[in-house]
Chemist: 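The structure that follows is given in the form of structure tokens.
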Amino acid sequence: MNKLNLFVLCILTVTCSYVAAKEKVVVCYYGTWATYRHGDGQFDVAQINTDLCTHLIYTFVGINNQGVVISLDPWLDLPDNWGRDNFRKFNALKQYKPSLKTLLAVGGWNEGSAKYSVMAASPTLRNNFITSAIEMVLKYGFDGFDIDWEYPNGRDSVYGKADIDNFTLLLKEMRAEFDKHGLLLSAAVAAAGSVAASYYNIPAFTQYVDYVNLMTYDMYGAWDSVTGHNAPLHKGQGDENVARENVFTVDLALEYWLQQGCPADKLVLGIPLYGRTFQLTNANNNGVRAPASGAGIAGPWTATSGFIGYNEFCLRLKTESWDLRYDSLAKVPYAVQGRNWVSYDDPNSIAVKIEHALQYNIAGAMIWSIETDDFRGKCAGDFPLLRAINQALGKYSATTTPAASSTTTTSTTTTTTTTPKPAQTSTTTTSQPTTTSTTTTTQPAQTTTTTTSRPATSSTSTTTLAPSSSVCQREGFNPDPTSCNSFYVCVMGGYGVLVPHRFTCSADLHWDQQNLVCNYSHQANCKN
Ligand SMILES: *[C@@H]1O[C@H](CO)[C@@H](O)[C@H](O)[C@H]1NC(C)=O
Ligand SMILES: *[C@@H]1O[C@H](CO)[C@@H](O)[C@H](O)[C@H]1NC(C)=O
């Protein structure tokens, strides 16, 4: 049916059910730790543009040893102890778009596989998991749950091959309970066939989920000894003599999942809103599959070498001189500058990928992740990549939509900044990306505020209950009336009330309210 007929049909039937039935999904993952990024990298719930997503996924919660779903960052997720209350704010976005669906994701790269392997193997722990997941979803108003177990029978899995059937069993049991509440269930999965074959029983588990979010990215990265594309559509330059099946590509992954029996109308194509960076061994040998010696440039906000947000990279492209190239076989761009080599996606490569994928009649597209699109529109218009996705999926996309009708007040005057958490991406390759692995950052080493240029060094934050909001005499830094060793950062909360966050100076340093630093006790002049 062509567009004109469709249009006529819509007018005639009024309900437009034909179109509605075929509406493509745009699944937007949100890496919630972007709230802690500084300056223009900071992305809180209020920055989400609900016009550009049909599904929003909040990442990540974790599980404890009993399989119970837990918040990994209670201060961020929950309202307790003057927390940011983001679970609630995230779901409040639906006020502005009743058709929007929200899901809560468990797992992710940093959670590893071990706990999930143990949980899925035990009827009791599975029950704990399912019961607590539903409880959390219902309590905060999510519409569903997304499982990012990375990976069954992979990485640090405890039970190995048994994970494969246990994963299916877990989803089967979840489906039964979720149906009682009308909840959505999806899973994020490793895309490449050669890897997915050892992680999943595809026809078995896919019957229990609503969507399969295919992580068609991280195909090549700084863990490889030669340059390669993050998410090539096809086999590209430099691989002319390699068999098609021996190269990780988006196209091959799609084909594999469909051939294995994943229903097309559940399959969601993952699109990376970030690039992968390499350092060339020799600046003069700079094509695809050129020798590389490790991770390349990092962005100012995601601060992870080997990885760069599109928002970070587009600014560099705009202000620096780069040699922009296009791999006409793989259908993706890359950029070279001296020994720097960056693989990324732009609006054009995204359009080409989606157009190709649509011939398989898949459900739509997924992004990892919304906070690295150019959401402030620093390079061109705002959300250029997410808009390209909407456009390629045939959705209306206005050129200038204001960032999310805000339900929430963001604190713009004072920001407590932690050491940025590593970009939590997942690899579909067998080799592990050393650059994005493991480390969960501990306590913030430093607090800064945008109202003063003096950082308080050598302090650690706690989110312990502050005695009373009366400690907030002013926005920003305040002394702790009960202790010289600690201080408060007071942030304007959602209701115009200053919300205190308590920080502790390291060792026996004292808070110095005059210089706004943790200082030696004899210089800090604390009179408590
Ligand atoms: C799940 O894993 C456990 C531990 O290896 C195993 O005993 C059990 O049979 C597995 N269940 C299924 C359904 O495969
Ligand atoms: C510590 O206090 C002294 C005395 O007020 C001051 O001169 C010094 O600059 C302070 N240290 C820092 C790091 O600000």
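Positions are given from 1, in the same order as the sequence printed here. Bear in mind the structure is a predicted one, so any value in this text is a computation, not a measurement.
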Chemist: Would you say Y326 and N348 make side-chain contact, with heavy atoms under 4.5 Å?
Modeler: yes

Chemist: For G141, does its backbone N or O pair with a side-chain atom of K94 as donor and acceptor, under 3.5 Å?
Modeler: yes

Chemist: CG/N311 to NZ/K378 distance, rounded to the nearest 0.5 angstrom?
Modeler: 11.0 Å

Chemist: Write down the atom of V209, the atom of K266, and the distance for their closest heavy-atom approach.
Modeler: O-NZ, 2.9 Å

Chemist: Please examine the side chains of E312 and T372, heavy atoms only from C-beta on, and report whether any two atoms are closer than 4.5 Å.
Modeler: no

Chemist: Inspect the contact between D327 and K331 and indicate whether a charged nitrogen and a carboxylate oxygen are less than 4.0 angstrom apart.
Modeler: no

Chemist: Could you go through T54 and E23, starting from their C-alpha distance and side-chain angles, then the distance that decides it, and tell me whether this counts as side-chain hydrogen bond (donor to acceptor under 3.5 Å, both in side chains)?
Modeler: CA-CA 10 Å; T54 61; E23 207 212 334; 5.8 Å; no

Chemist: Evaluate the ring planes of W341 and Y334, with Trp represented by its six-membered ring, and classify them as parallel (under 30°), tilted (30 to 60°) or perpendicular (over 60°).
Modeler: parallel

Chemist: Any side-chain donor-acceptor pair under 3.5 Å between N128 and S132?
Modeler: no

Chemist: Can you tell me how far CD1 of I57 sits from OG1 of T32, rounded to the nearest 0.5 angstrom?
Modeler: 13.0 Å

Chemist: Evaluate the side-chain proximity of V268 to V25: yes if any heavy-atom separation is below 4.5 Å, no if none is.
Modeler: yes

Chemist: Is the shortest distance from a Lys or Arg side-chain nitrogen in K97 or D51 to a carboxylate oxygen in the other one below 4.0 Å?
Modeler: no

Chemist: Can you confirm whether the side chains of D265 and N361 place a donor and an acceptor under 3.5 Å from each other?
Modeler: no

Chemist: State, with a plain yes or no, whether a side-chain heavy atom of W257 is found less than 4.5 Å away from one of V189.
Modeler: yes

Chemist: Answer yes if the ring centres of W301 and Y36 are under 6.0 angstrom apart, and no otherwise.
Modeler: no

Chemist: Could you check Y217 against V250 for side chain to side chain contact (heavy atoms under 4.5 Å, CB included), going step by step and ending with a plain yes or no?
Modeler: CA-CA 8 Å; Y217 37 73; V250 170; over 6 Å; no

Chemist: State whether a side-chain donor-acceptor pair under 3.5 Å links D44 with N86.
Modeler: yes

Chemist: Applying side chain to side chain contact (heavy atoms under 4.5 Å, CB included) to I297 and R316, what does each step give before you reach the verdict?
Modeler: CA-CA 11 Å; I297 57 169; R316 290 193 65 157; 3.7 Å; yes

Chemist: Nearest 0.5 Å, what's the CD1-SG distance between I370 and C28?
Modeler: 4.5 Å

Chemist: Got a donor-acceptor contact below 3.5 angstrom from the K101 side chain to the F142 backbone?
Modeler: no

Chemist: Calculate, to the nearest 0.5 Å, the distance between atoms SG and CD1 belonging to C314 and I308 respectively.
Modeler: 9.5 Å

Chemist: For the ring-ring contact (aromatic ring centres under 6.0 Å, His included) test, which of Y199, Y200, F167 pairs with Y151?
Modeler: Y199

Chemist: Testing the basics here: between F178 and I134, what is the closest heavy-atom pair and its distance to 0.1 Å?
Modeler: CE1-CG1, 3.5 Å

Chemist: Quick one: which of N213, L385, L273 gives a side-chain contact (heavy atoms from CB on, under 4.5 Å) with I367?
Modeler: L273

Chemist: Between the main-chain N or O of I202 and the side-chain N or O of Q260, is there a donor-acceptor pair closer than 3.5 Å?
Modeler: no

Chemist: For D210 and S186, which I'm curious about, is there any donor-acceptor pair between the side chains at under 3.5 Å?
Modeler: no

Chemist: Please work out which of the three classes, parallel, tilted or perpendicular, describes the rings of F43 and Y30, given edges at 30° and 60°.
Modeler: tilted

Chemist: Between the main-chain N or O of A231 and the side-chain N or O of K353, is there a donor-acceptor pair closer than 3.5 Å?
Modeler: yes

Chemist: Any side-chain donor paired with an acceptor under 3.5 Å for T102 and N91?
Modeler: yes

Chemist: Is any side-chain heavy atom of I389 less than 4.5 Å from a side-chain heavy atom of I354?
Modeler: yes

Chemist: Whether the side chain of H38 engages the backbone of P300 through a donor-acceptor N/O pair (distance < 3.5 Å, no angle test) should be reported.
Modeler: yes

Chemist: Is the backbone of A120 close enough, under 3.5 Å, to the side chain of R126 for a donor and an acceptor to pair up by distance?
Modeler: yes

Chemist: Going by heavy atoms in the side chains, are W33 and F60 under 4.5 Å from each other?
Modeler: yes

Chemist: Is it true that a side-chain atom of D77 and a backbone atom of S71 form a donor plus acceptor pair closer than 3.5 Å?
Modeler: no

Chemist: Looking at D373 and R387, does any basic side-chain N land under 4.0 Å from a carboxylate oxygen?
Modeler: no

Chemist: Tell me whether the count of non-hydrogen atoms from other residues, nucleotides or ligands lying under 6.0 Å of CD in E255 goes above 12.
Modeler: yes

Chemist: Spell out, as yes or no, whether a donor-acceptor pair under 3.5 Å connects the side chain of D156 to the backbone of G112.
Modeler: no

Chemist: Taking the side chain as C-beta and beyond, is there a heavy-atom pair between L103 and L56 under 4.5 Å?
Modeler: no

Chemist: Can you list the steps and then say if R276 with H229 is a side chain to side chain contact (heavy atoms under 4.5 Å, CB included)?
Modeler: CA-CA 8 Å; R276 288 253 164 228; H229 303 298; over 6 Å; no

Chemist: So which heavy atom on R376 is nearest to which on D40, and how close?
Modeler: NE-O, 2.8 Å

Chemist: Considering all heavy atoms of both residues, which atom of R175 and which atom of L183 are nearest to each other, and what is their separation?
Modeler: NH2-O, 3.0 Å

Chemist: Looking only at heavy atoms, what is the nearest atom pair of P347 and P384, with distance?
Modeler: CG-O, 4.3 Å

Chemist: Would you check if there is a donor-acceptor pair between the side chains of S117 and D163 at a distance under 3.5 Å?
Modeler: yes

Chemist: Nearest 0.5 Å please: distance from the CD atom of E320 over to the CG atom of L315.
Modeler: 9.5 Å

Chemist: Sort out for me which residue in F307, Y310, Y29 forms a ring-ring contact (aromatic ring centres under 6.0 Å, His included) with Y274.
Modeler: F307

Chemist: Checking Y208 side chain against E173 main chain: does a donor-acceptor pair fall under 3.5 Å?
Modeler: no

Chemist: Can you tell whether the side chains of E111 and K115 come within less than 4.0 Å, N to carboxylate O?
Modeler: yes

Chemist: Can you list the steps and then say if V26 with L393 is a side chain to side chain contact (heavy atoms under 4.5 Å, CB included)?
Modeler: CA-CA 9 Å; V26 180; L393 289 173; 3.7 Å; yes

Chemist: Is the centre of the Y211 ring less than 6.0 Å from the centre of the H55 ring?
Modeler: yes

Chemist: Side-chain contact, heavy-atom cut-off 4.5 Å: L267 with Y360?
Modeler: no

Chemist: I'd like to know if the side chain of S157 reaches the main chain of G154, judged simply by a donor and an acceptor atom lying under 3.5 Å from each other, with no hydrogens or angles considered.
Modeler: no

Chemist: Look up atom CD in E150 and atom CH2 in W109, then write down how far apart they are to the nearest 0.5 Å.
Modeler: 7.0 Å

Chemist: Could you tell me which non-hydrogen atom of D382 sits nearest to which non-hydrogen atom of F375, and how far apart they are?
Modeler: CB-O, 3.4 Å

